[in-house]
*Asks:* 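This is the structure I want to talk about, given as C-alpha coordinates.
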2 protein chains.
Amino acid sequence: MAEDRRTRRSRRALGAALVELVLERGFTALTVEDITERADVARATFYAHFRDKEDLFARVTADLLAELSERLVPAVAGSAVGFTGKPILEMLRHAREDRDLYRIVLRGEGDGKPLQMFVDACARATAEEFRARAERNAVQPRIDPELLARVWVGEQIAVLRWWVEQETPSLPAEEVVRMLLDLALHGRYWASGFEPPA
Amino acid sequence: MAEDRRTRRSRRALGAALVELVLERGFTALTVEDITERADVARATFYAHFRDKEDLFARVTADLLAELSERLVPAVAGSAVGFTGKPILEMLRHAREDRDLYRIVLRGEGDGKPLQMFVDACARATAEEFRARAERNAVQPRIDPELLARVWVGEQIAVLRWWVEQETPSLPAEEVVRMLLDLALHGRYWASGFEPPA
DNA sequence: TTGTTTACAGACACTCTGTTCAATAACCGA
DNA sequence: TCGGTTATTGAACAGAGTGTCTGTAAACAA
(Lines give C-alpha, C1' and ligand atoms only; values in the text may rest on other atoms or scores of the structure.)
Protein backbone atom coordinates (compact mmCIF):
# COMPACT_ATOMS: atom_id res chain seq x y z
CA MET A 1 0.00 0.00 0.00
CA ALA A 2 1.96 2.96 -1.26
CA GLU A 3 -0.66 5.67 -1.16
CA ASP A 4 -4.41 5.91 -1.11
CA ARG A 5 -5.78 6.53 -4.55
CA ARG A 6 -7.94 9.37 -3.24
CA THR A 7 -5.01 11.31 -1.81
CA ARG A 8 -3.09 10.89 -5.05
CA ARG A 9 -6.06 12.17 -6.99
CA SER A 10 -6.52 15.17 -4.74
CA ARG A 11 -2.86 16.12 -4.63
CA ARG A 12 -2.44 15.85 -8.37
CA ALA A 13 -5.59 17.81 -9.07
CA LEU A 14 -4.49 20.57 -6.71
CA GLY A 15 -1.02 20.74 -8.19
CA ALA A 16 -2.33 20.88 -11.72
CA ALA A 17 -4.89 23.52 -10.80
CA LEU A 18 -2.18 25.61 -9.20
CA VAL A 19 -0.03 25.51 -12.31
CA GLU A 20 -2.92 26.43 -14.55
CA LEU A 21 -4.02 29.31 -12.39
CA VAL A 22 -0.57 30.73 -11.79
CA LEU A 23 -0.09 30.95 -15.54
CA GLU A 24 -3.45 32.64 -15.91
CA ARG A 25 -3.43 35.09 -13.02
CA GLY A 26 -0.12 34.91 -11.19
CA PHE A 27 0.57 33.31 -7.86
CA THR A 28 -0.18 36.19 -5.52
CA ALA A 29 -3.59 36.83 -7.01
CA LEU A 30 -4.71 33.30 -6.21
CA THR A 31 -6.95 32.17 -3.40
CA VAL A 32 -7.01 28.75 -1.86
CA GLU A 33 -10.62 28.58 -2.91
CA ASP A 34 -9.69 29.43 -6.50
CA ILE A 35 -7.39 26.45 -6.51
CA THR A 36 -9.78 24.00 -4.90
CA GLU A 37 -12.55 25.12 -7.19
CA ARG A 38 -10.44 24.58 -10.28
CA ALA A 39 -9.28 21.23 -8.93
CA ASP A 40 -12.85 20.31 -8.05
CA VAL A 41 -11.93 19.52 -4.49
CA ALA A 42 -13.33 20.71 -1.16
CA ARG A 43 -11.46 23.51 0.55
CA ALA A 44 -11.09 21.44 3.72
CA THR A 45 -9.37 18.77 1.66
CA PHE A 46 -6.74 21.25 0.61
CA TYR A 47 -5.78 21.86 4.21
CA ALA A 48 -5.65 18.12 4.83
CA HIS A 49 -2.72 17.99 2.41
CA PHE A 50 -1.02 21.38 2.46
CA ARG A 51 -0.44 24.06 5.05
CA ASP A 52 -1.21 26.90 2.64
CA LYS A 53 -0.79 27.78 -0.99
CA GLU A 54 2.93 28.49 -0.69
CA ASP A 55 3.33 25.02 0.74
CA LEU A 56 1.62 23.53 -2.28
CA PHE A 57 3.76 25.63 -4.57
CA ALA A 58 6.92 24.66 -2.75
CA ARG A 59 6.15 20.97 -3.11
CA VAL A 60 5.30 21.22 -6.77
CA THR A 61 8.52 23.05 -7.57
CA ALA A 62 10.59 20.86 -5.27
CA ASP A 63 9.34 17.82 -7.17
CA LEU A 64 10.34 19.42 -10.44
CA LEU A 65 13.80 20.34 -9.23
CA ALA A 66 14.33 16.89 -7.77
CA GLU A 67 13.41 15.37 -11.10
CA LEU A 68 15.78 17.74 -12.84
CA SER A 69 18.63 17.01 -10.47
CA GLU A 70 18.24 13.33 -11.15
CA ARG A 71 18.37 13.82 -14.88
CA LEU A 72 21.35 16.11 -14.49
CA VAL A 73 23.57 13.58 -12.74
CA PRO A 74 24.79 11.69 -15.80
CA ALA A 75 25.11 14.89 -17.82
CA VAL A 76 27.27 16.57 -15.21
CA ALA A 77 29.38 13.48 -14.61
CA GLY A 78 30.55 13.48 -18.20
CA SER A 79 31.33 17.18 -18.34
CA ALA A 80 34.30 17.31 -16.01
CA VAL A 81 36.62 17.69 -18.97
CA GLY A 82 35.38 21.02 -20.32
CA PHE A 83 32.30 22.84 -21.53
CA THR A 84 30.24 20.06 -23.01
CA GLY A 85 26.70 21.35 -23.42
CA LYS A 86 25.18 18.33 -21.79
CA PRO A 87 23.70 19.85 -18.62
CA ILE A 88 21.98 22.70 -20.41
CA LEU A 89 20.77 20.36 -23.12
CA GLU A 90 19.20 18.14 -20.51
CA MET A 91 17.54 21.15 -18.92
CA LEU A 92 16.12 22.27 -22.22
CA ARG A 93 14.72 18.83 -22.86
CA HIS A 94 13.23 18.69 -19.41
CA ALA A 95 11.73 22.13 -19.91
CA ARG A 96 10.21 21.04 -23.17
CA GLU A 97 8.28 18.33 -21.35
CA ASP A 98 7.15 20.58 -18.51
CA ARG A 99 7.01 23.93 -20.19
CA ASP A 100 4.24 25.38 -18.05
CA LEU A 101 5.94 24.69 -14.77
CA TYR A 102 9.25 25.90 -16.08
CA ARG A 103 7.65 29.14 -17.12
CA ILE A 104 6.26 29.63 -13.68
CA VAL A 105 9.49 28.89 -11.89
CA LEU A 106 11.62 30.96 -14.24
CA ARG A 107 9.28 33.90 -13.88
CA GLY A 108 10.15 33.85 -10.20
CA GLU A 109 6.52 33.23 -9.39
CA GLY A 110 5.66 32.58 -5.77
CA ASP A 111 8.23 34.98 -4.28
CA GLY A 112 10.90 33.41 -6.47
CA LYS A 113 12.67 31.61 -3.66
CA PRO A 114 12.93 28.19 -5.33
CA LEU A 115 14.52 29.69 -8.42
CA GLN A 116 16.97 31.81 -6.50
CA MET A 117 18.06 28.93 -4.37
CA PHE A 118 18.54 26.73 -7.39
CA VAL A 119 20.54 29.37 -9.19
CA ASP A 120 22.71 30.09 -6.16
CA ALA A 121 23.37 26.40 -5.66
CA CYS A 122 24.38 26.00 -9.30
CA ALA A 123 26.62 29.04 -9.12
CA ARG A 124 28.38 27.88 -6.00
CA ALA A 125 28.91 24.41 -7.41
CA THR A 126 30.18 25.84 -10.68
CA ALA A 127 32.60 28.20 -8.95
CA GLU A 128 33.93 25.34 -6.88
CA GLU A 129 34.34 23.24 -10.00
CA PHE A 130 36.27 26.03 -11.70
CA ARG A 131 38.58 26.37 -8.74
CA ALA A 132 39.14 22.66 -8.44
CA ARG A 133 39.81 22.31 -12.13
CA ALA A 134 42.31 25.13 -12.11
CA GLU A 135 44.02 23.63 -9.08
CA ARG A 136 44.15 20.20 -10.62
CA ASN A 137 45.70 21.42 -13.82
CA ALA A 138 47.91 24.01 -12.19
CA VAL A 139 46.61 26.88 -14.29
CA GLN A 140 45.82 30.38 -13.13
CA PRO A 141 42.23 31.57 -13.71
CA ARG A 142 42.44 34.95 -15.38
CA ILE A 143 39.21 36.19 -13.84
CA ASP A 144 37.53 35.53 -10.48
CA PRO A 145 35.98 32.02 -10.59
CA GLU A 146 33.04 33.29 -8.58
CA LEU A 147 32.33 35.91 -11.20
CA LEU A 148 32.83 33.47 -14.03
CA ALA A 149 30.41 31.04 -12.40
CA ARG A 150 27.75 33.74 -12.11
CA VAL A 151 28.21 34.65 -15.75
CA TRP A 152 28.01 31.02 -16.70
CA VAL A 153 24.81 30.09 -14.90
CA GLY A 154 23.24 33.51 -15.39
CA GLU A 155 23.60 33.03 -19.11
CA GLN A 156 22.06 29.58 -19.07
CA ILE A 157 19.11 30.57 -16.93
CA ALA A 158 18.46 33.60 -19.11
CA VAL A 159 18.53 31.51 -22.25
CA LEU A 160 16.33 28.89 -20.67
CA ARG A 161 13.78 31.47 -19.65
CA TRP A 162 13.77 33.05 -23.07
CA TRP A 163 13.40 29.65 -24.67
CA VAL A 164 10.42 28.46 -22.62
CA GLU A 165 8.63 31.78 -22.93
CA GLN A 166 8.45 31.59 -26.70
CA GLU A 167 5.07 30.44 -27.93
CA THR A 168 6.52 28.85 -31.06
CA PRO A 169 10.08 27.83 -30.20
CA SER A 170 12.20 29.51 -32.81
CA LEU A 171 15.11 27.17 -32.24
CA PRO A 172 15.30 23.49 -31.32
CA ALA A 173 17.13 22.70 -28.09
CA GLU A 174 20.07 21.11 -29.88
CA GLU A 175 20.57 24.22 -31.97
CA VAL A 176 20.58 26.43 -28.88
CA VAL A 177 23.22 24.28 -27.27
CA ARG A 178 25.38 24.34 -30.37
CA MET A 179 25.26 28.13 -30.37
CA LEU A 180 26.14 28.34 -26.70
CA LEU A 181 29.12 26.08 -27.23
CA ASP A 182 30.28 28.13 -30.17
CA LEU A 183 29.87 31.21 -28.07
CA ALA A 184 31.93 29.81 -25.21
CA LEU A 185 34.58 28.67 -27.62
CA HIS A 186 34.95 31.66 -29.92
CA GLY A 187 33.68 34.53 -27.82
CA ARG A 188 31.17 37.21 -28.37
CA TYR A 189 32.79 39.17 -31.16
CA TRP A 190 32.97 36.09 -33.31
CA ALA A 191 29.34 35.33 -32.55
CA SER A 192 28.13 38.78 -33.51
CA GLY A 193 30.05 38.61 -36.74
CA PHE A 194 32.53 41.35 -35.84
CA GLU A 195 36.23 41.43 -35.37
CA PRO A 196 37.39 42.46 -31.91
CA PRO A 197 38.90 45.94 -31.57
CA ALA A 198 42.64 46.30 -31.79
CA MET B 1 4.27 75.17 -4.79
CA ALA B 2 5.71 71.89 -5.91
CA GLU B 3 4.47 69.57 -3.19
CA ASP B 4 3.25 69.82 0.34
CA ARG B 5 5.99 69.05 2.81
CA ARG B 6 3.70 66.68 4.71
CA THR B 7 2.98 64.50 1.71
CA ARG B 8 6.66 64.34 0.89
CA ARG B 9 7.43 63.28 4.45
CA SER B 10 4.76 60.61 4.45
CA ARG B 11 5.64 59.19 1.08
CA ARG B 12 9.33 59.05 1.83
CA ALA B 13 8.77 57.46 5.20
CA LEU B 14 6.50 54.82 3.71
CA GLY B 15 8.92 54.05 0.92
CA ALA B 16 11.84 53.75 3.28
CA ALA B 17 9.84 51.58 5.65
CA LEU B 18 8.88 49.30 2.80
CA VAL B 19 12.48 48.82 1.75
CA GLU B 20 13.60 48.07 5.28
CA LEU B 21 10.85 45.60 5.91
CA VAL B 22 11.13 43.80 2.59
CA LEU B 23 14.79 43.17 3.35
CA GLU B 24 13.90 41.89 6.79
CA ARG B 25 10.86 39.76 6.09
CA GLY B 26 10.17 39.66 2.38
CA PHE B 27 7.43 41.46 0.51
CA THR B 28 4.63 38.93 0.74
CA ALA B 29 4.91 38.61 4.49
CA LEU B 30 4.26 42.32 4.96
CA THR B 31 1.09 43.98 6.08
CA VAL B 32 0.07 47.52 5.34
CA GLU B 33 -0.02 48.07 9.06
CA ASP B 34 3.55 46.77 9.40
CA ILE B 35 4.64 49.41 6.94
CA THR B 36 2.72 52.29 8.45
CA GLU B 37 3.89 51.34 11.89
CA ARG B 38 7.53 51.33 10.85
CA ALA B 39 7.04 54.60 8.99
CA ASP B 40 5.25 56.08 11.99
CA VAL B 41 2.27 57.07 9.91
CA ALA B 42 -1.44 56.39 10.29
CA ARG B 43 -2.86 53.56 8.24
CA ALA B 44 -5.44 55.86 6.69
CA THR B 45 -2.61 58.05 5.44
CA PHE B 46 -1.16 55.13 3.54
CA TYR B 47 -4.36 54.76 1.55
CA ALA B 48 -4.38 58.48 0.89
CA HIS B 49 -1.21 57.98 -1.14
CA PHE B 50 -1.20 54.42 -2.42
CA ARG B 51 -3.82 51.95 -3.54
CA ASP B 52 -2.17 49.02 -1.78
CA LYS B 53 1.28 47.75 -0.93
CA GLU B 54 2.02 46.59 -4.46
CA ASP B 55 1.27 50.12 -5.63
CA LEU B 56 3.80 51.52 -3.19
CA PHE B 57 6.33 48.94 -4.27
CA ALA B 58 5.70 49.67 -7.93
CA ARG B 59 6.31 53.37 -7.44
CA VAL B 60 9.46 52.89 -5.45
CA THR B 61 10.94 50.59 -8.07
CA ALA B 62 9.69 52.70 -10.94
CA ASP B 63 11.50 55.67 -9.47
CA LEU B 64 14.68 53.66 -9.22
CA LEU B 65 14.47 52.41 -12.79
CA ALA B 66 13.70 55.89 -14.07
CA GLU B 67 16.78 57.18 -12.29
CA LEU B 68 18.82 54.36 -13.76
CA SER B 69 17.54 54.95 -17.27
CA GLU B 70 18.54 58.57 -17.03
CA ARG B 71 22.04 57.70 -15.92
CA LEU B 72 22.27 55.10 -18.66
CA VAL B 73 21.64 57.49 -21.53
CA PRO B 74 25.15 58.89 -21.89
CA ALA B 75 26.72 55.49 -21.25
CA VAL B 76 24.70 53.82 -23.97
CA ALA B 77 25.18 56.66 -26.44
CA GLY B 78 28.93 56.14 -26.41
CA SER B 79 28.79 52.37 -26.77
CA ALA B 80 27.50 52.11 -30.30
CA VAL B 81 30.95 51.14 -31.51
CA GLY B 82 31.37 47.86 -29.62
CA PHE B 83 31.33 46.36 -26.15
CA THR B 84 32.47 49.21 -23.98
CA GLY B 85 31.62 48.36 -20.40
CA LYS B 86 30.02 51.71 -19.75
CA PRO B 87 26.40 50.71 -19.22
CA ILE B 88 27.17 47.94 -16.78
CA LEU B 89 29.67 50.14 -14.98
CA GLU B 90 27.03 52.80 -14.53
CA MET B 91 24.63 50.20 -13.18
CA LEU B 92 27.18 48.96 -10.69
CA ARG B 93 27.81 52.48 -9.49
CA HIS B 94 24.13 53.14 -9.18
CA ALA B 95 23.68 49.90 -7.29
CA ARG B 96 26.45 50.85 -4.93
CA GLU B 97 24.50 53.95 -3.93
CA ASP B 98 21.18 52.16 -3.55
CA ARG B 99 22.27 48.71 -2.57
CA ASP B 100 19.21 47.85 -0.49
CA LEU B 101 16.72 48.62 -3.20
CA TYR B 102 18.82 46.86 -5.79
CA ARG B 103 18.88 43.77 -3.65
CA ILE B 104 15.13 43.80 -3.36
CA VAL B 105 14.53 44.28 -7.05
CA LEU B 106 17.12 41.73 -8.13
CA ARG B 107 15.69 39.17 -5.77
CA GLY B 108 12.50 39.46 -7.75
CA GLU B 109 10.70 40.61 -4.64
CA GLY B 110 7.11 41.72 -5.04
CA ASP B 111 6.18 39.18 -7.71
CA GLY B 112 9.26 40.18 -9.68
CA LYS B 113 7.38 41.99 -12.41
CA PRO B 114 9.49 45.16 -12.46
CA LEU B 115 12.69 43.18 -12.82
CA GLN B 116 11.33 40.94 -15.56
CA MET B 117 10.04 43.85 -17.54
CA PHE B 118 13.33 45.68 -17.25
CA VAL B 119 15.26 42.61 -18.31
CA ASP B 120 12.97 41.92 -21.24
CA ALA B 121 13.17 45.52 -22.37
CA CYS B 122 16.97 45.44 -22.22
CA ALA B 123 17.08 42.15 -24.10
CA ARG B 124 14.81 43.36 -26.86
CA ALA B 125 16.75 46.59 -27.25
CA THR B 126 20.04 44.71 -27.29
CA ALA B 127 18.84 42.22 -29.88
CA GLU B 128 17.65 45.08 -32.07
CA GLU B 129 21.00 46.79 -31.68
CA PHE B 130 22.83 43.62 -32.70
CA ARG B 131 20.68 43.26 -35.77
CA ALA B 132 21.04 46.89 -36.76
CA ARG B 133 24.78 46.79 -36.26
CA ALA B 134 25.15 43.69 -38.37
CA GLU B 135 23.00 45.22 -41.09
CA ARG B 136 24.93 48.46 -41.04
CA ASN B 137 28.28 46.75 -41.38
CA ALA B 138 27.08 44.06 -43.75
CA VAL B 139 28.28 41.20 -41.57
CA GLN B 140 26.47 37.98 -40.85
CA PRO B 141 25.79 37.20 -37.15
CA ARG B 142 26.97 33.69 -36.49
CA ILE B 143 24.38 33.02 -33.83
CA ASP B 144 20.81 34.22 -33.37
CA PRO B 145 20.89 37.87 -32.21
CA GLU B 146 17.93 37.17 -29.95
CA LEU B 147 19.86 34.44 -28.18
CA LEU B 148 23.01 36.52 -28.00
CA ALA B 149 21.04 39.37 -26.46
CA ARG B 150 19.63 37.09 -23.77
CA VAL B 151 23.08 35.81 -22.98
CA TRP B 152 24.39 39.31 -22.83
CA VAL B 153 21.83 40.81 -20.47
CA GLY B 154 21.39 37.60 -18.50
CA GLU B 155 25.06 37.67 -17.72
CA GLN B 156 25.02 41.27 -16.60
CA ILE B 157 21.98 40.89 -14.40
CA ALA B 158 23.44 37.77 -12.80
CA VAL B 159 26.71 39.53 -12.08
CA LEU B 160 24.90 42.55 -10.75
CA ARG B 161 22.82 40.43 -8.42
CA TRP B 162 25.83 38.54 -7.19
CA TRP B 163 27.69 41.79 -6.65
CA VAL B 164 25.01 43.55 -4.61
CA GLU B 165 24.33 40.49 -2.51
CA GLN B 166 27.85 40.34 -1.16
CA GLU B 167 28.13 41.81 2.31
CA THR B 168 31.72 42.89 1.76
CA PRO B 169 32.12 43.52 -1.96
CA SER B 170 34.99 41.31 -2.98
CA LEU B 171 35.67 43.30 -6.10
CA PRO B 172 35.35 47.00 -6.93
CA ALA B 173 32.96 47.84 -9.75
CA GLU B 174 35.75 48.86 -12.11
CA GLU B 175 37.46 45.52 -11.63
CA VAL B 176 34.27 43.64 -12.40
CA VAL B 177 33.81 45.57 -15.61
CA ARG B 178 37.38 44.94 -16.67
CA MET B 179 36.85 41.22 -16.20
CA LEU B 180 33.63 41.25 -18.17
CA LEU B 181 35.33 43.04 -21.04
CA ASP B 182 38.18 40.58 -21.02
CA LEU B 183 35.68 37.79 -21.00
CA ALA B 184 33.77 39.17 -23.97
CA LEU B 185 37.01 39.72 -25.83
CA HIS B 186 38.91 36.51 -25.16
CA GLY B 187 36.15 34.03 -24.37
CA ARG B 188 35.58 31.68 -21.55
CA TYR B 189 38.43 29.28 -22.03
CA TRP B 190 40.91 32.06 -21.82
CA ALA B 191 39.19 33.37 -18.69
CA SER B 192 39.29 30.05 -16.92
CA GLY B 193 42.96 29.65 -17.75
CA PHE B 194 42.50 26.72 -20.11
CA GLU B 195 43.14 26.22 -23.75
CA PRO B 196 40.08 25.39 -25.82
CA PRO B 197 39.72 21.79 -27.02
CA ALA B 198 40.96 20.89 -30.45
C1' DT C 1 -17.92 -7.47 3.67
C1' DT C 2 -15.64 -4.80 7.24
C1' DG C 3 -12.82 -1.66 9.47
C1' DT C 4 -10.12 2.29 8.21
C1' DT C 5 -9.08 6.37 5.83
C1' DT C 6 -10.31 10.24 3.12
C1' DA C 7 -13.47 13.69 1.18
C1' DC C 8 -16.98 16.68 2.12
C1' DA C 9 -19.88 20.79 3.50
C1' DG C 10 -20.60 23.96 6.76
C1' DA C 11 -19.50 26.84 10.65
C1' DC C 12 -16.18 29.29 13.40
C1' DA C 13 -12.97 33.01 15.03
C1' DC C 14 -9.47 35.58 13.24
C1' DT C 15 -6.59 38.78 10.38
C1' DC C 16 -6.10 41.91 6.91
C1' DT C 17 -8.11 44.89 3.60
C1' DG C 18 -9.83 49.10 1.72
C1' DT C 19 -13.20 52.85 2.60
C1' DT C 20 -15.38 56.51 5.13
C1' DC C 21 -15.75 60.25 8.50
C1' DA C 22 -15.21 64.10 11.65
C1' DA C 23 -11.72 66.26 14.33
C1' DT C 24 -7.14 68.00 14.53
C1' DA C 25 -2.86 69.64 12.93
C1' DA C 26 0.42 71.34 9.54
C1' DC C 27 1.22 73.92 5.69
C1' DC C 28 1.48 77.80 2.22
C1' DG C 29 0.84 82.26 0.43
C1' DA C 30 -0.43 86.78 1.26
C1' DT D 1 1.05 86.66 11.58
C1' DC D 2 -3.22 85.27 9.79
C1' DG D 3 -6.71 82.50 7.27
C1' DG D 4 -7.98 79.31 4.00
C1' DT D 5 -6.49 75.03 2.32
C1' DT D 6 -4.89 70.50 2.61
C1' DA D 7 -2.96 66.47 4.97
C1' DT D 8 -2.96 63.51 8.96
C1' DT D 9 -5.19 61.05 12.40
C1' DG D 10 -7.83 57.46 14.88
C1' DA D 11 -11.79 55.02 14.80
C1' DA D 12 -15.28 52.31 12.85
C1' DC D 13 -17.08 49.56 9.03
C1' DA D 14 -18.19 45.70 5.83
C1' DG D 15 -16.08 42.32 3.14
C1' DA D 16 -12.78 38.78 1.75
C1' DG D 17 -9.73 35.27 2.82
C1' DT D 18 -7.52 32.19 6.23
C1' DG D 19 -6.86 28.16 8.93
C1' DT D 20 -9.28 24.97 12.10
C1' DC D 21 -12.71 21.90 13.51
C1' DT D 22 -16.83 19.45 13.32
C1' DG D 23 -20.09 15.12 11.99
C1' DT D 24 -21.43 12.63 8.06
C1' DA D 25 -20.90 10.33 3.74
C1' DA D 26 -18.14 8.07 0.56
C1' DA D 27 -14.15 5.49 -1.17
C1' DC D 28 -10.68 2.56 -0.16
C1' DA D 29 -7.64 -1.85 0.87
C1' DA D 30 -7.61 -6.35 2.32
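Lettering follows sequence order; numbering is per chain, from 1. What's counted below: heavy atoms across the whole structure, side chains too, no hydrogens, waters or symmetry copies.
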*Asks:* I'd like to check A:Arg8 versus A:Arg5 (side-chain heavy atoms, cut-off strictly below 4.5 Å). Are they in contact?
*Replies:*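 Yes, their side chains come closer than 4.5 Å.
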*Asks:* Closer than 4.0 Å, any side-chain N/O of A:His49 to the OP1 or OP2 of C:dA7?
*Replies:*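 Result: yes.
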*Asks:* Does A:Arg43 make a side-chain donor-acceptor contact with the base of C:dG10, cut-off 3.5 Å?
*Replies:*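 Under the 3.5 Å cut-off, the side chain and the base do not form any donor-acceptor pair.
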*Asks:* Please state whether the phosphate of D:dT6, meaning OP1 or OP2, lies under 4.0 angstrom from any side-chain nitrogen or oxygen of B:Thr7.
*Replies:*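 For D:dT6, neither OP1 nor OP2 has a side-chain N or O of B:Thr7 closer than 4.0 Å.
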*Asks:* On DNA chain D, nearest-nucleotide positions of B:Thr45 versus A:Asp34: which is more 5'?
*Replies:*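 On the 5' side of the pair lies B:Thr45.
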*Asks:* Whole angstroms only, please: what is the CD-P distance between B:Glu3 and C:dG29?
*Replies:*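 The answer, rounded to whole Å, is 13 Å.
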*Asks:* So, is A:Arg6 close to the D:dC28 phosphate, meaning a side-chain N or O under 4.0 Å from OP1 or OP2?
*Replies:*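 Negative; the distance criterion is not met.
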*Asks:* Does a sphere of radius 6.0 Å around CD in A:Glu135 hold more than 12 heavy atoms from other residues, nucleotides or ligands, not counting ones at 6.0 Å or beyond?
*Replies:*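 No, the 6.0 Å shell around CD holds no more than 12 heavy atoms from other groups.
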*Asks:* Between B:Arg9 and A:Ala48, who's closer to the 5' end of DNA chain C by nearest nucleotide?
*Replies:*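 Nearest-nucleotide comparison on DNA chain C picks A:Ala48.
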*Asks:* Expressed as a whole number of angstroms, how long is the span from A:Glu33:CD to D:dG19:P?
*Replies:*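 Between P of D:dG19 and CD of A:Glu33: 13 Å.
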*Asks:* Can you tell me if B:Tyr47 touches the phosphate of C:dG18, counting only side-chain N or O atoms and a distance under 4.0 Å to OP1 or OP2?
*Replies:*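 Yes.
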*Asks:* For A:Ala44 and for A:Val32, locate the closest nucleotide of DNA chain D by heavy-atom distance; then report the residue assigned to the nucleotide nearer the 5' terminus.
*Replies:*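 The answer here is A:Val32.
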*Asks:* Does A:Arg96 count as lying over the ring of A:Trp163, i.e. NZ or CZ under 6.0 Å from the six-ring centre, within 45 degrees of the axis?
*Replies:*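 Negative - A:Arg96 is either too far from the ring of A:Trp163 or too far off its axis.
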*Asks:* Looking at A:Arg9, I'd like to know if its CZ atom is crowded, meaning that more than 12 non-hydrogen atoms belonging to other residues, nucleotides or ligands lie closer than 6.0 Å.
*Replies:*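 Atom CZ in A:Arg9 is not packed in, count stays at 12 or less.
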